[in-house]
Amino acid sequence: MINFPHLPSPLKKHKNNYLSDLSDVTIEQLMEERRKEFLGEGLRWNDLVREGMAVTTMNAWIAADAVTNVETVVPAYVLYPVPSAEISASGGLYEQNTGY
């Protein structure tokens, strides 16, 4: 067995090591970890929409990247439109999302 004494043990659960108490984890830390872990898997947009962070996060990225040919994200277009056939068939249960 190879021993790497300079690396912290993954079994240690202390604030000064890599693992932290779950009560200390913020939503920002969780979202950052999910961004890294699920890179390229297409989950980021759904996470941002679910947490209400899509508009601010994407507009901050556009501004920081100095992209001039990309429009900012508008809150009305975060959700997709509900198909008109579904609205008609629902008998008034569904309404169109704002902006459509």
Side-chain angles (χ1 to χ4, degrees):
M1 179 174 163
I2 299 174
N3 187 11
F4 296 99
H6 62 286
L7 296 177
S9 169
L11 299 177
K12 292 180 184 176
K13 193 167 188 174
H14 190 272
K15 288 185 179 190
N16 294 329
N17 287 332
Y18 289 96
L19 297 177
S20 66
D21 188 6
L22 290 179
S23 64
D24 294 339
V25 177
T26 65
I27 191 67
E28 290 79 17
Q29 291 170 323
L30 179 65
M31 294 295 287
E32 180 65 14
E33 193 62 31
R34 285 185 60 84
R35 181 185 71 85
K36 293 174 185 175
E37 185 164 341
F38 297 119
L39 178 70
E41 294 189 24
L43 301 175
R44 177 104 169 119
W45 179 254
N46 294 328
D47 283 349
L48 292 174
V49 170
R50 184 182 320 106
E51 295 302 324
M53 302 168 70
V55 174
T56 55
T57 302
M58 297 307 295
N59 286 336
W61 174 76
I62 290 168
D65 202 30
V67 177
T68 57
N69 60 345
V70 176
E71 293 183 29
T72 58
V73 177
V74 180
Y77 297 135
V78 170
L79 298 176
Y80 294 113
V82 178
S84 58
E86 296 297 323
I87 293 173
S88 299
S90 74
L93 292 176
Y94 297 145
E95 294 179 2
Q96 188 56 268
N97 290 326
T98 305
Y100 292 99

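Values in this document were obtained by computation on a predicted structure and should not be read as measured data. The chain is numbered in sequence order, starting from 1.
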Checking the side chain of D65 only, and the main-chain atoms of W61 only, is there a donor and an acceptor separated by less than 3.5 Å? no
What are the two closest heavy atoms between G99 and A76, and how far apart are they? CA-CB, 3.8 Å
Ion pair present between E33 and K36, side-chain N to carboxylate O less than 4.0 angstrom? no
Within residues 50-64 or reaching into it, pairs that qualify as salt bridge (charged side-chain N to carboxylate O under 4.0 Å, His left out) - sequence neighbours excluded: D47-R50
Might you point out which heavy atoms bring R44 and T57 nearest each other, and give the distance in Å? NH2-CG2, 3.6 Å
V55 and V74 have their tightest heavy-atom pair at CG2-C, 4.4 Å
Atom CZ of R35 and atom CG of L48: how far apart are they, to the nearest 0.5 Å? 10.5 Å
Checking the side chain of S88 only, and the main-chain atoms of A85 only, is there a donor and an acceptor separated by less than 3.5 Å? no
Under the ring-ring contact (aromatic ring centres under 6.0 Å, His included) rule, what pairs show up with a residue in residues 72-100, not counting sequence neighbours? Y77-Y100
Using modelled atom types and a 3.5 Å cut-off, is there a donor and acceptor pairing between side-chain atoms of Q29 and backbone atoms of T26? yes
I need the minimum non-hydrogen distance between V78 and V49, along with the two atoms involved. CG1-CG2, 3.4 Å
Is there a continuous path of hydrophobic side-chain contacts, each under 4.5 Å between heavy atoms, that joins M53 to L79? yes
Is the shortest side-chain heavy-atom distance between E71 and I62 below 4.5 Å? no
For a side chain to side chain contact (heavy atoms under 4.5 Å, CB included) check, start with the C-alpha distance between V82 and E95, then their side-chain angles and the critical distance, and finish with the verdict. CA-CA 8 Å; V82 178; E95 294 179 2; over 6 Å; no
Can you tell me if I27 has over 12 outside heavy atoms packed within less than 6.0 Å of its CD1? yes
Are V70 and W45 co-members of a hydrophobic cluster defined by side-chain heavy atoms under 4.5 Å apart? yes
